[in-house]
Amino acid sequence: MTGRDADPSTRRPYDGCKRVLDVLGALVVLTLGAPLLALVALLVLVTHGRPVLFRHTRPGLHGELFDVVKFRTMRHPDPERGLVTDAQRLTRVGRWLRASSLDELPEFWNVLRGEMSVVGPRPHLVRYLALYTPEQARRHEVRPGITGLAQVRGRNALDWEAKFASDVEYVDRRSFLLDLRILLTTVRVVLTREGISAPGAATWHEFTGNAPSAAAPAAEGPAPTSAAAHPSGSSADDRDVVHRR
């Protein structure tokens, strides 16, 4: 079974309709938003250089890996120029792109490909797969989303326990009305710029399997590989993401 096939035991009648709505929504955004996408791409090219897009491997439906696509918000690491940490590498333009969520627009390509949904749990780092409890791992029973229940409840201001609880709640309660409410609330969250960064971090705190460690902010760069996972990284709980942008 591929990552794009739903487990019959966890499927709901809404899932088929949700996929159709995802495709239609992605087509509308990518088509009507093409001028905006081109403008943001040019802005990133001028301020950050190449590549314009940041790709990073993330686990999707049933934990199957895929490459999430975003606009770059950070400069490349350069110790000689003091560009090492997320806070040092994150540019003014990058902060604005994240605050406005414009850096997320390329993810609609992931939606069109069937790797993501418009609404669902945010895709986290591959190395977290080995740290989840069985209950937390249920977040992978659905496609990851561009926005989700955790994002409208606080984004990076939430601790990991609250994020995972919201993710599993979404899995259990997913419906058209819930998705619609999340989308409408997302507009308010983006406009008010709520929860962009975790307290005390430029982006977010690393998930260690227990409580988040304030001393270990996530890096936007390649993560160490393991026998069970591909390289991964993230910056901003994406604000769940970003890394080697």
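All values derive from a computational prediction rather than experimental measurement.
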Do [X] and [Y] come close enough that some side-chain heavy atom pair is under 4.5 Å?
X      : Y      : result
Val111 : Arg143 : no
Arg139 : His124 : yes
Phe66  : Thr57  : no
Val142 : Pro121 : yes
Leu27  : Phe108 : no
Leu53  : Lys70  : no
Arg55  : Val68  : no

What closest approach, in Å, do [X] and [Y] show between heavy atoms, and which atom pair accounts for it?
X      : Y      : result
Leu65  : Pro59  : CD2-CA, 3.9 Å
Val152 : Arg188 : O-NH2, 4.5 Å
Pro123 : Gly145 : CD-O, 3.7 Å

Check whether any side-chain N or O of [X] sits under 3.5 Å from a backbone N or O of [Y] as a donor-acceptor pair, and report yes or no.
X      : Y      : result
Arg122 : Ile146 : yes
Arg153 : Ser166 : no
Ser101 : Glu104 : no
Arg72  : Gly49  : yes
Gln151 : Gly148 : yes
Asp167 : Gln136 : no
Arg89  : Arg75  : yes

Shared hydrophobic cluster for [X] and [Y] (ILVMFWY, side-chain gaps under 4.5 Å):
X      : Y      : result
Val44  : Trp96  : yes
Val118 : Trp109 : yes
Leu45  : Leu37  : yes
Leu112 : Leu21  : no
Leu36  : Leu97  : yes

Before you tell me yes or no, could you show the steps for Leu180 and Leu184 under side chain to side chain contact (heavy atoms under 4.5 Å, CB included), namely the whole-Å CA-CA distance, both residues' side-chain angles and the distance that decides it to 0.1 Å?
CA-CA 6 Å; Leu180 181 60; Leu184 293 176; 4.3 Å; yes

In Å and rounded to the nearest 0.5 Å, what is the [atom1] to [atom2] distance from [X] to [Y]?
X      : Y      : atom1 : atom2 : answer
Ser100 : Arg95  : OG    : CZ    : 13.5 Å
Glu135 : Phe164 : CD    : CZ    : 12.0 Å
Thr73  : Arg92  : OG1   : CZ    : 15.0 Å
Glu115 : Leu61  : CD    : CG    : 11.0 Å
Leu149 : Leu178 : CG    : CG    : 6.0 Å

Scan side-chain atoms only and decide if Asp22 and Ser117 contain a donor-acceptor pair under the 3.5 Å cut-off.
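Ser117 and Asp22 do have a side-chain donor-acceptor pair below 3.5 Å.
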
Going by the angle between their ring planes, with limits at 30° and 60°, are His140 and Tyr132 parallel, tilted or perpendicular?
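His140 and Tyr132: tilted rings.
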
Test side chain to side chain contact (heavy atoms under 4.5 Å, CB included) applied to Thr185 and Val189, step by step:
CA-CA 6 Å; Thr185 307; Val189 170; 4.3 Å; yes

Could you tell me whether Phe71 and His48 have their ring centroids closer than 6.0 angstrom?
no

Taking the ring centre of each residue, are Tyr128 and Trp160 less than 6.0 Å apart?
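Yes, ring centres under 6.0 Å apart.
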
Run Leu90 and Arg98 through side chain to side chain contact (heavy atoms under 4.5 Å, CB included) and show every step you take.
CA-CA 10 Å; Leu90 185 61; Arg98 291 188 180 190; 3.7 Å; yes

N-O pairing of Arg174 and Asp179 below 4.0 Å:
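Answer for the salt bridge query: no.
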
Salt-bridge test for Glu64 and Arg58: reply yes if a basic N is under 4.0 Å from a carboxylate O, no otherwise.
no

Atom CZ of residue position Arg12 - does it have more than 12 heavy atoms of other residues, nucleotides or ligands inside 6.0 Å?
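Enclosed: over 12 neighbouring heavy atoms sit under 6.0 Å from CZ of Arg12.
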
